[in-house]
There are 2 protein chains.
Amino acid sequence: MVTLKDVAKKCNVSLATVSKALNGHTDIGEQTADSIRQIAKEMGYLPNAMARALKTNRSNNIGVLFVDKTSSGLTHEYFSEILNSLKVHAEFRGYDITFISSNIGSFSMDYYEHAKYRRCDGVVIASVDFDNPDVIKLVNSEIPTVTLDYIFNNCFAVMSDNITSMQEIVSHVYSLGHNKIAYIHGEDTSVTQKRIASFYKTCKSFGINVPDEYVKSAMYHDPRSSGLATRELLALEDRPTCILYPDDFSFIGGMNEIEKQGLSIPEDISVVGYDGILLSQVLRPKLTTFRQDAEEIGKQAALALIDKIENPKQFITNHVVVKGKLIPGDTVKRI
Amino acid sequence: MVTLKDVAKKCNVSLATVSKALNGHTDIGEQTADSIRQIAKEMGYLPNAMARALKTNRSNNIGVLFVDKTSSGLTHEYFSEILNSLKVHAEFRGYDITFISSNIGSFSMDYYEHAKYRRCDGVVIASVDFDNPDVIKLVNSEIPTVTLDYIFNNCFAVMSDNITSMQEIVSHVYSLGHNKIAYIHGEDTSVTQKRIASFYKTCKSFGINVPDEYVKSAMYHDPRSSGLATRELLALEDRPTCILYPDDFSFIGGMNEIEKQGLSIPEDISVVGYDGILLSQVLRPKLTTFRQDAEEIGKQAALALIDKIENPKQFITNHVVVKGKLIPGDTVKRI
DNA sequence: TTGTATGCGTTATCAT
DNA sequence: ATGATAACGCATACAA
């Protein structure tokens, strides 16, 4: 381990001078600084992040909290895309990413304690379970936080645009002649509530009547439950002409059910997914879906959090809405 | 921030005593220790990981290096499952996970420097690009490392069993009467080489002749290239009766091509995937595939690395092979 | 412009 | 059984 002290000795200057030179302070002679940097590099000097953090009380490390009931958060492509984007943009700004969880080591810490223990400068919370007391404790703590797809009143939030997205989907489907539109939605979350409300509202704006039996409950990322809902919808006396799914992956369950009944997409029934994951783009017929801009969501989260960390005084806590984009495919027939 | 000093003051003992009590040293009086622990808890004391790391030269943090040419590593379900498992088991042993990358902040560090800077106690390397000089530098450094699916001579490796898996796949297909078996493989990596060799060897052991045109090159996780390869195979004069794909996701490309030609699975052509991702289990017909035990791979990687970190002297650097499992589906017809 | 000295919070050594 | 103290590597206030 080569330390500042070693470099100082080699350079015949004081430790403080080396520190300043390496950190680009202006009160060091031009050539002195240059030669110090040069020698430090030659010696393979690397700052010790721990020592620096201890001294400055800043770890340059941001925590990521993914709580998923199924603990499959990472295998959900939407989240892994966000995580990747978050990582890229945080790293660009000099921050590393550490996962936060409870149960670290033999005894358990809650999220706040874990983040505090690691001296995270901030935490990004992507979770379905915002009612979790531990999550609430973290959000209300002095640690800067940013939430995804959920708004706390004292915490910056990055929201995917669930209102507009449903508007666009319904409008698209309606413009192709459909007015018997069914919606299979995911489990009850604030995101789901928004989508449902927007679904009803948009339908109403077009004068579309939505019978109760056209709105089915299923689970996100779960083809089985969407398959069951699909079966129910297909069994209706007055069958819908188009079904909206909770997400692209769940649609697979619907697809299976539809094919099983000898129906074909989109000739006999039209369908729309949600998320725009890779899968939706490689299925044939190509799935009509709504692409959430996960890259942008991750980026906004990183930038907002870092801004909050670095400029706490002037930071304005509000929320930003990230627009997605309808991706027309070949699964909605013009009728 | 409540520190050891604060607790010491409250307890009317010295700072050293508190430290010992909290760390379970035996040279502290039973009741003293108890009351100290009690009070520390009440005061909400949390150790400062940075200070501790500085002093002990151990960060209780392990780095994860995912290099993917497409930088889509995380969106590959196989890897995200491994990552999740790694995380769970590392956390259980008291270690947190931090991503390692180059380009941290404005200037770039290589992987070794990054890991060193963060004082990672060890690094897990999951990468396709093991030729990368920076990866090699890291592996050859003093930092304990564990590689996934690649063997360096001085580094513990966790290997998925690519030899046996191909044996099982070919045996299964052969047992159902196929002897015209085509293999679409991924890009050239050591994993691919093993699978190809095992494919040829197993075929030979059954007396199956494999014409050169039955072995096609495509890319992992890329339905397009597998789709093209499928087209070529289907155009063959002497068409194979079964096609093995690089992975489940790539199979989608083949599926599209097969359907496009009006053929059906498995009546007209049989197919087998690889990986056993969620998707393979929800498609209908259910895809016959080989499930890699990503959970076990992540676990073994975590345990081996931590063992290497905590018992460097007695640690034996070798490799462990994690067996997967053939998951018969409905895509291979008995002929 | 450069150097000295202090302390961040902890662990560990050595006294007592 | 308990306490005083040094040291980990660094940044910084202050002195020179």
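To find a chain, count down the sequence lines: A is the first, B the second, and so on, and within it residues start at 1. Atoms considered below: every heavy atom in the structure, side chains included; atoms not considered: hydrogens, waters and symmetry mates.
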**Student:** Between D/dA11, C/dC8, D/dT2, which nucleotide gets closest to the side-chain atoms of A/Leu54?
**Tutor:** C/dC8
**Student:** Looking at B/Phe99, I'd like to know if the NZ or CZ of A/Lys87 sits under 6.0 Å from its six-membered ring centre while staying within 45 degrees of the ring's axis.
**Tutor:** yes
**Student:** Whether A/Asn23 contacts D/dA11 is assessed here as follows: a side-chain N or O lying under 4.0 Å from the phosphate OP1 or OP2. Is that the case?
**Tutor:** yes
**Student:** When you check the phosphate oxygens OP1 and OP2 of D/dC10, does a side-chain N or O of A/Tyr45 lie under 4.0 Å from one of them?
**Tutor:** yes
**Student:** Parallel, tilted or perpendicular for B/Tyr78 and B/His76, by the 30°/60° rule?
**Tutor:** perpendicular
**Student:** Provide, to the nearest angstrom, the distance between the CG atom belonging to A/Asn57 and the C1' atom belonging to D/dT12.
**Tutor:** 14 Å
**Student:** Between D/dT12, D/dT2, C/dG9, spot the one nearest the side chain of A/Ala16, thanks.
**Tutor:** D/dT12
**Student:** Between P on D/dC8 and CG on A/Leu4, what's the gap in Å once rounded to a whole number?
**Tutor:** 13 Å
**Student:** The side chain of B/Leu15 is closest to which nucleotide in this list: C/dT2, D/dT2, C/dT10?
**Tutor:** C/dT10
**Student:** Kindly indicate, with the supporting measurements, whether the criterion salt bridge (charged side-chain N to carboxylate O under 4.0 Å, His left out) is fulfilled by A/Lys116 and A/Glu142.
**Tutor:** CA-CA 10 Å; A/Lys116 190 81 186 171; A/Glu142 79 285 4; 2.5 Å; yes
**Student:** Could you check whether the rings of A/Tyr150 and A/Phe130 sit parallel, tilted or perpendicular, using 30° and 60° as the cut-offs?
**Tutor:** parallel
**Student:** C/dG7 P sits how many Å from B/Lys5 NZ, rounded?
**Tutor:** 8 Å
**Student:** Look at the side chain of B/Lys55 and the base of C/dT10, then say whether one donor and one acceptor between them are separated by less than 3.5 Å.
**Tutor:** no
**Student:** Round to a whole Å and report the spacing from CE of B/Met50 to C1' of C/dT11.
**Tutor:** 17 Å
**Student:** What is the distance, rounded to the nearest whole Å, between atom CG of B/Asp27 and atom P of D/dG3?
**Tutor:** 12 Å
**Student:** Considering just the side-chain nitrogens and oxygens of A/Thr32, establish if one lies under 4.0 Å of OP1 or OP2 belonging to C/dT2.
**Tutor:** yes
**Student:** As a test of reading the structure: which of D/dT12, C/dT13, C/dG3 is closest to the side chain of A/Ser19, going by heavy atoms?
**Tutor:** D/dT12
**Student:** Exactly one of A/Ile100, A/Asp96, A/Ile309, A/Val146 should register a side-chain contact (heavy atoms from CB on, under 4.5 Å) with A/Ile62. Which one does?
**Tutor:** A/Ile309
**Student:** I want to check one thing: is the phosphate of D/dT2, taken as OP1 and OP2, less than 4.0 Å away from some side-chain N or O of B/Thr17?
**Tutor:** no
**Student:** Could you tell me whether A/Leu46 contacts a base, only the sugar-phosphate backbone, or nothing, with contacts defined as non-hydrogen atoms closer than 4.0 Å?
**Tutor:** sugar-phosphate
**Student:** Could you check which of D/dC14, C/dC14, C/dG9 has an atom nearest any side-chain atom of B/Thr3?
**Tutor:** C/dG9
**Student:** Taking OP1 and OP2 of C/dG9, is either one under 4.0 Å from a side-chain nitrogen or oxygen of B/Arg52?
**Tutor:** no
**Student:** For B/Glu30 and D/dA1, give me the distance from atom CD to atom C1', rounded to whole Å.
**Tutor:** 12 Å
